Amino acid sequence: MKSLRINRSDSDVSKLVRTLRNDAKKKEEFFDYIISGPILEIGCGSGQVLKKISRAFPHAKLYGLDADPRLIKIAKRKHIPNCTFFHSLAQNSIILPAAVRNVIFPASLHEIVSFSNKDDISQLFRNVHSYLARDGVVIIWEGIRSDYGNVTISNSPTIPQLLSFAKKFEYKKYFWKKSNDSQYSVSFDLLAEYVTKKDRLDIPMEYKETHFPLSQSEYESLLRSTGFEIVVLNNKPLHQKELQWLYKNFKFEKDISNVPVYTLIVAKKSRSINPL
Ligand SMILES: C[S@@+](CC[C@H](N)C(=O)[O-])C[C@H]1O[C@@H](n2cnc3c(N)ncnc32)[C@H](O)[C@@H]1O
């Protein structure tokens with residue numbers, strides 16, 4: 001088995017577990033798209049979502065897969081009824097006792113993409129295709145890279161913090177440039193990354209992973225090339241609280257409140273694929 005490229009300290013694991021507990025409620029948004037039958041969560045972390053799913057779907061057989069043994073241990077301690085856990089990298093194939101009807105990625109794909117290469121991600125979706133029954137669905141609840149371009153911001157004592165984050169961010173170089181004494185041109189995606197991380201800047205991992213891993217066309221082509229057809233695509237802008245914080249802290253020349261940054265994708269199997 002290839003090893004997990006994430007290097008998270010034990011204290012970062014504790015902070016992640018706390019964040020996952022606080023964020024679990026909003027992930028219930030995709031429960032409406034779950035179809036009856038077994039459910040596999042890829043990147044299940046501490047099992048917070050599976051715990052909620054087991055209450056909403058008490059008769060479903062549940063499976064959780066995660067590459068971090070510390071998180072699997074915490075998930076097992078929840079004693080979620082009818083749930084089996086796998087410690088594995090998502091890009092490695094596992095053997096399930098029977099096909100599942102749902103494979104879900106609630107806020108896990110950004111981490112998997114951040115710490116894997118393109119071939120791994122393609123292999124992962126081929127695995128997902130093989131785990132699913134013929135009428136099964138894959139559900140992705142995740143950030144999308146906007147490719148919106150740059151925006152001009154001004155008059156803010158928060159600009160130095162934003163730029164310090166941009167300089168430390170290792171995953172990619174985000175654009176920023178001083179335009180004049182009080183104005184900066186910055187990439188919209190930098191603002192989105194910052195506003196979703198501003199309260200966790202003490203966690204080294206936040207500089208290594210992106211919350212907005214793929215553009216809409218990249219999601220589409222990944223799914224199409226691995227034998228899926230998108231049946232629901234629901235894009236959303238930043239959450240109200242995130243927008244409020246941005247508007248309170250920066251003066252914008254353009255309205256950024258409708259740029260899509262979150263997506264809920266449901267895809268069904270469209271054809272068979274050849275294993276690589
Ligand atoms: C942000 S957490 C999400 C956890 C869970 N889905 C939730 O919403 O509570 C992402 C999880 O993906 C796992 N992960 C990252 N890369 C992985 C990989 N290549 N294979 C399997 N799990 C991976 C991490 O260990 C982490 O638990």
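Numbering of ligands and ligand atoms starts at 1, following listing order. Predicted model only: the values in this text are computed from it and were never measured. Numbers for residues simply follow the sequence, beginning at 1.
Of the heavy atoms in L89, both backbone and side-chain atoms come closer than 4.0 Å to ligand 1. Under 4.0 Å from ligand 1, not a single heavy atom of K26 appears. Counting heavy atoms closer than 4.0 Å to ligand 1, residue S46 contributes nothing at all.
In this view, T210 and S114, F169, Y171, Y174, E193, F212, P213 satisfy the side chain to side chain contact (heavy atoms under 4.5 Å, CB included) rule, not counting sequence neighbours.
Ion pairing between a basic and an acidic side chain is recognised when a charged N comes within 4.0 Å of a carboxylate O; E209 and R8 show no such pairing. Between E28 and K25 there is a salt bridge, with a side-chain nitrogen of the basic residue lying less than 4.0 Å from a carboxylate oxygen of the acidic one. Between K172 and D189, none of the side-chain N atoms (NZ, or NE/NH1/NH2) sits under 4.0 Å from a carboxylate O, so this pair counts as no salt bridge. Under a 4.0 Å N-O distance rule, the pair K15/E206 does not qualify as a salt bridge.
Of the N or O atoms in A67, one or more lie within a sub-3.5 Å distance of an N or O in ligand 1. Inclusion of P106 in the set of residues having an N or O under 3.5 Å from an N or O of ligand 1 is warranted. Some N or O of Q91 is nearer than 3.5 Å to an N or O of ligand 1, by distance alone.
Of the candidates K27, H211, Q48, M205, the one placing a heavy atom closest to atom 7 (C) of ligand 1 is K27. Considering only non-hydrogen atoms, atom 4 (C) of ligand 1 lies nearest to G43 out of S108, A90, G43. Of the listed options D120, D66, I112, I121, D66 places a heavy atom closest to atom 11 (C) of ligand 1. Counting heavy atoms only, A107 comes closest to atom 3 (C) of ligand 1 of the residues S116, A107, G45, A24.
Within the listing of ligand 1, atoms 25 (O) sit less than 4.0 angstrom from a heavy atom of D68. Of all the atoms in ligand 1, the ones that sit under 4.0 Å from a non-hydrogen atom of R8 are 24 (C), 25 (O), 26 (C). Numbered from 1 in the order shown, with element, the atoms of ligand 1 that lie under 4.0 Å from a heavy atom of V49 read 7 (C), 8 (O), 9 (O). Close approach of ligand 1 to L71 is summarised as follows: ligand atoms under 4.0 Å from at least one heavy atom of the residue are 25 (O), 27 (O).
The number of heavy-atom neighbours closer than 6.0 Å to NZ of K268, taken from other residues, nucleotides and ligands shown, is 12 or below.
Side chain of Y207 to backbone of K167: no donor-acceptor contact under 3.5 angstrom is found. With hydrogens and angles ignored, the 3.5 Å screen pairs a side-chain donor or acceptor of S108 with a backbone N or O of I42.
At a cut-off of 3.5 Å, with distance as the only test, no side-chain donor of Y184 or N150 sits close to an acceptor on the other residue.
S88 counts as a contact of ligand 1, since one of its heavy atoms falls under 4.0 Å from the ligand.
With F105 as the fixed residue, the ring pair (Phe, Tyr, Trp, His ring centres under 6.0 Å) test singles out one of Y219, F30, F125: F125.
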